[in-house]
Amino acid sequence: MTERVLPKGARLIPREAGCVFRGEIYEVHQWPQKMPDGSVKTFEMLRRPDTVMVIALDEAGDVLVIDEKQPGGIVRKNHLPVGRVDSSDESVLAAAQRELREETGCTFANWRLLDVVQMDKKIEWFTYLFLATGGVLHRAAQHLDAGEDITVKSAPLAEVLHQDNVLRYFPWLRYVESAEDLTPRDF
């Protein structure tokens, strides 16, 4: 995977840290940290694959959203397409394009990175927000993971962006009223 784009003030696991646990999603890293009094304490931080989230504007200017049911009882309504960056993805953009294609079956012409955030400074995990425009270039069958049930529909831009599940990551979207307001953030 190509290099990530990181927000200002991003916290990363130090190079000298050692991985003490590797699970399916999370890794735990620890390292010795010298304290102001000269003592040394063990610090730790989690790492997990980054996440991509896509605002895809259809021909009418509405946003493609999904209603989904995931294994484990996860149910989301009117949610932006979102997914994990895989180690096999060429780039974070490629991951966003793949996730949108898998969940909606749609391919878009124009892509722009709008923002990237680190939700918790103790987890090396970044969420990237992309804007896909130019209308749907191609519609194909969805490629869902085992157990996923996803229905694709369109919803008005402001309605989607002002939901708690979006504002949690990107609070600045509360001020967006039109597609023209969707400009890249200073990250």
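Values below: all heavy atoms of this structure, side chains included; hydrogens, waters and symmetry mates excluded.
- Under the 4.5 Å side-chain criterion, counting only non-hydrogen atoms from C-beta, E27 is not in contact with F21.
- The only member of Q118, R4, R84 that meets side chain to side chain donor-acceptor pair (under 3.5 Å) when paired with D50 is R4.
- The side-chain contact (heavy atoms from CB on, under 4.5 Å) check on E180 picks up S178, with sequence neighbours excluded.
- Of the candidates V82, L80, L129, L80 is the only one forming a side chain to side chain contact (heavy atoms under 4.5 Å, CB included) with V166.
- Dense packing is recorded around NZ of K121, with more than 12 heavy atoms of other residues, nucleotides or ligands lying under 6.0 Å away.
- Residues L6 and Y169 do not share a hydrophobic cluster, clusters being chains of Ile/Leu/Val/Met/Phe/Trp/Tyr side chains in contact below 4.5 Å.
- Atom CG of L114 and atom CD1 of I55 lie 5.5 Å apart (nearest 0.5 Å).
- To the nearest 0.5 Å, atom CD of residue E102 and atom CD1 of residue I150 are 9.0 Å apart.
- Across all their heavy atoms, D120 and K122 have their closest contact at OD1-N, 2.7 Å.
- Side-chain contact between F126 and V5: absent, with no pair of heavy atoms (C-beta onward) separated by less than 4.5 Å.
- For the pair N110 (side chain) and A132 (backbone), a donor-acceptor distance under 3.5 Å is absent.
- Counting heavy atoms from C-beta outward, V52 and V85 have side chains that approach closer than 4.5 Å.
- Under a 4.5 Å side-chain heavy-atom criterion applied to ILVMFWY residues, the cluster that includes M35 comprises I13, W31, F43, M45 as well.
- Between H29 and E44 the shortest side-chain heavy-atom distance does not fall below 4.5 Å.
- Counting heavy atoms from C-beta on, the side chains of Y175 and D181 never come closer than 4.5 Å.
- Placement of L64 and L161 in two distinct hydrophobic clusters is found when ILVMFWY residues are connected by side-chain heavy-atom separations under 4.5 Å, directly or transitively.
- Annotation: salt bridge (Lys or Arg N to Asp or Glu O under 4.0 Å) contacts involving residues 70-80, sequence neighbours excluded, comprise E68-R76.
- Atom OH of Y128 and atom CE of M53 lie 14.0 Å apart (nearest 0.5 Å).
- For the pair V116/F170, no side-chain contact is recorded, criterion being any heavy-atom separation below 4.5 Å from C-beta on.
- The local environment of CZ in R112 is crowded, with over 12 non-hydrogen atoms from other residues, nucleotides or ligands closer than 6.0 Å.
- With sequence neighbours left out, the side-chain contact (heavy atoms from CB on, under 4.5 Å) criterion links K69 to V75, D149.
- Taking CD of E148 as the reference point, atom CD of E103 lies at 6.0 Å (rounded to 0.5 Å).
- Note on M119 and V54: separate hydrophobic clusters, where clusters join Ile, Leu, Val, Met, Phe, Trp and Tyr whose side-chain heavy atoms are under 4.5 Å apart, directly or indirectly.
- By the criterion of side-chain heavy atoms lying less than 4.5 angstrom apart, applied directly or through intervening Ile, Leu, Val, Met, Phe, Trp or Tyr residues, L131 is not grouped with L100; the two fall into different hydrophobic clusters.
- A donor-acceptor pair shorter than 3.5 Å can be found between the side chains of S39 and D37.
- Contacts of A179 classified as side-chain contact (heavy atoms from CB on, under 4.5 Å), with partners at least two apart in sequence or in another chain: L57, L157.
- V117 is connected to L173 through a chain of hydrophobic side-chain contacts under 4.5 Å among Ile, Leu, Val, Met, Phe, Trp and Tyr, so both are in one cluster.
- Every residue two or more places apart in sequence or in another chain that forms a side-chain contact (heavy atoms from CB on, under 4.5 Å) with L46 is listed here: Y26, V28, I123.
- Taking the side chain as every heavy atom from C-beta outward, N165 and H79 approach each other to under 4.5 Å.
- Stacking of R185 on the aromatic ring of W172 is recorded, both the 6.0 Å distance cut-off and the 45° axial limit being met.
- Once rounded to the nearest 0.5 Å, the distance linking CZ of F108 with SG of C106 reads 5.5 Å.
- Between P81 and the choices T104, V65, V63, the side chain to side chain contact (heavy atoms under 4.5 Å, CB included) rule is met once, by T104.
- Rounded to the nearest 0.5 Å, atoms CG (D115) and CZ (F130) are 11.0 Å apart.
- Using a 4.5 Å cut-off on side-chain heavy atoms (C-beta onward), N78 and K153 make contact.
- Remark: the backbone N or O of P156 is not paired with any side-chain donor or acceptor of E159 at under 3.5 angstrom.
- Closest non-hydrogen pair, A155 versus D62, comes out as O-CB, 3.3 Å.
- A donor and an acceptor atom, one from each side chain of D58 and S154, are located under 3.5 Å apart.
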